[in-house]
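Following: one structure in structure tokens, then a few remarks.
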Amino acid sequence: MASEMHGGRGYVYCLRYQVVWCVKNRHKVLTEEIAAELENILRKIANDNKFSILEFKADKDYVRILIDCSPQQFIPDMMKAIKGVSARILMKKFGGGLRQKLWGGHLWNPSYFISTVSDNTEEQVRKYIQSQGKKH
């Protein structure tokens, strides 16, 4: 599957990243209901910040996404928006249950993993993300 090229003034690009982050202390709090709400939140954040989430998967204690963005987007700023906004909204909506399981009221571990994705690896990454949580 060839990645979609985008153009700007005087340049063409295709930037895709696989991003993974975990719940604080790997607590298994991402139920199906919370994961569904998280996906909606992340897609809205992406839309508001002009990048796309191509794949999404949340398992009980981590989240994995495939994003498409422009060269002008700074990864740390994107992650701050993704994690900060989603944590605030989820804690507001599911606060009672989440706060009981999380120390200090923090939803996300402060770190994350990010890797670039090329045309050669994109289909593998998509399948891997889609397969997470399924028994083999």
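Quantities reported herein were computed from a predicted structural model and do not represent experimental measurements.
Checked against Tyr112 for a side chain to side chain contact (heavy atoms under 4.5 Å, CB included), the options Ile75, Ile82, Val20 give a single hit: Ile75.
Remark: Ile89 pairs with Ile41, Val85 by the side-chain contact (heavy atoms from CB on, under 4.5 Å) rule, at least two apart or across chains. Listed by chain and residue number, Asn109 satisfy the side-chain hydrogen bond (donor to acceptor under 3.5 Å, both in side chains) test with Ser111 (two or more places apart in sequence, or in another chain). In this view, Asp77 satisfies the salt bridge (Lys or Arg N to Asp or Glu O under 4.0 Å) rule with no residue, not counting sequence neighbours. Applying the side-chain contact (heavy atoms from CB on, under 4.5 Å) test to Gln73 and every residue at least two apart in sequence or in another chain returns Lys50, Phe51, Cys69, Ser70, Met78. Residues meeting the salt bridge (Lys or Arg N to Asp or Glu O under 4.0 Å) test with Lys44, sequence neighbours left out: Asp48. Lys28 meets the salt bridge (Lys or Arg N to Asp or Glu O under 4.0 Å) test with Asp61; sequence neighbours excluded. Ala35 pairs by the side-chain contact (heavy atoms from CB on, under 4.5 Å) definition with Ala58, not counting sequence neighbours. Applying the side-chain hydrogen bond (donor to acceptor under 3.5 Å, both in side chains) criterion to Tyr62, with sequence neighbours excluded, gives Gln132. Residues passing the ring-ring contact (aromatic ring centres under 6.0 Å, His included) test with Tyr11 are Tyr13, sequence neighbours excluded. Remark: Glu55 pairs with Leu66, Arg126, Ile129, Gln130 by the side-chain contact (heavy atoms from CB on, under 4.5 Å) rule, at least two apart or across chains.
Within the structure, salt bridge (Lys or Arg N to Asp or Glu O under 4.0 Å) pairs that include any residue of residues 64-74 comprise Arg16-Asp68 (at least two apart or interchain).
In this structure, CD1 on Ile67 lies 13.5 Å from CZ on Phe56, to the nearest 0.5 angstrom. Distance CZ/Arg43 to CG/Leu38: 10.5 Å, rounded to 0.5 Å. Interatomic distance, Arg88 CZ to Lys83 NZ, rounded to the nearest 0.5 Å: 13.5 Å. Between the CD atom of Gln18 and the OG1 atom of Thr116 there is a distance of 10.0 Å, given to the nearest 0.5 Å. To the nearest 0.5 Å, atom CG of residue Leu15 and atom CD of residue Gln72 are 9.5 Å apart. From Lys60, atom NZ reaches atom CZ of Arg26 across 12.5 Å, with rounding to the nearest 0.5 Å.
The side-chain heavy atoms of Ile65 and Trp21, taken from C-beta on, include a pair separated by under 4.5 Å. Taking the side chain as every heavy atom from C-beta outward, Val23 and Trp108 approach each other to under 4.5 Å. A 4.5 Å side-chain heavy-atom check between Phe94 and Leu107 finds every atom pair outside the cut-off. Between Glu37 and Asn40 the shortest side-chain heavy-atom distance falls below 4.5 Å.
In this structure, Tyr128 shares a hydrophobic cluster with no other residue, the cluster being traced through Ile, Leu, Val, Met, Phe, Trp and Tyr side chains under 4.5 angstrom apart.
The nearest pair of heavy atoms linking Ile45 to Asn49 is O-ND2, 2.7 Å.
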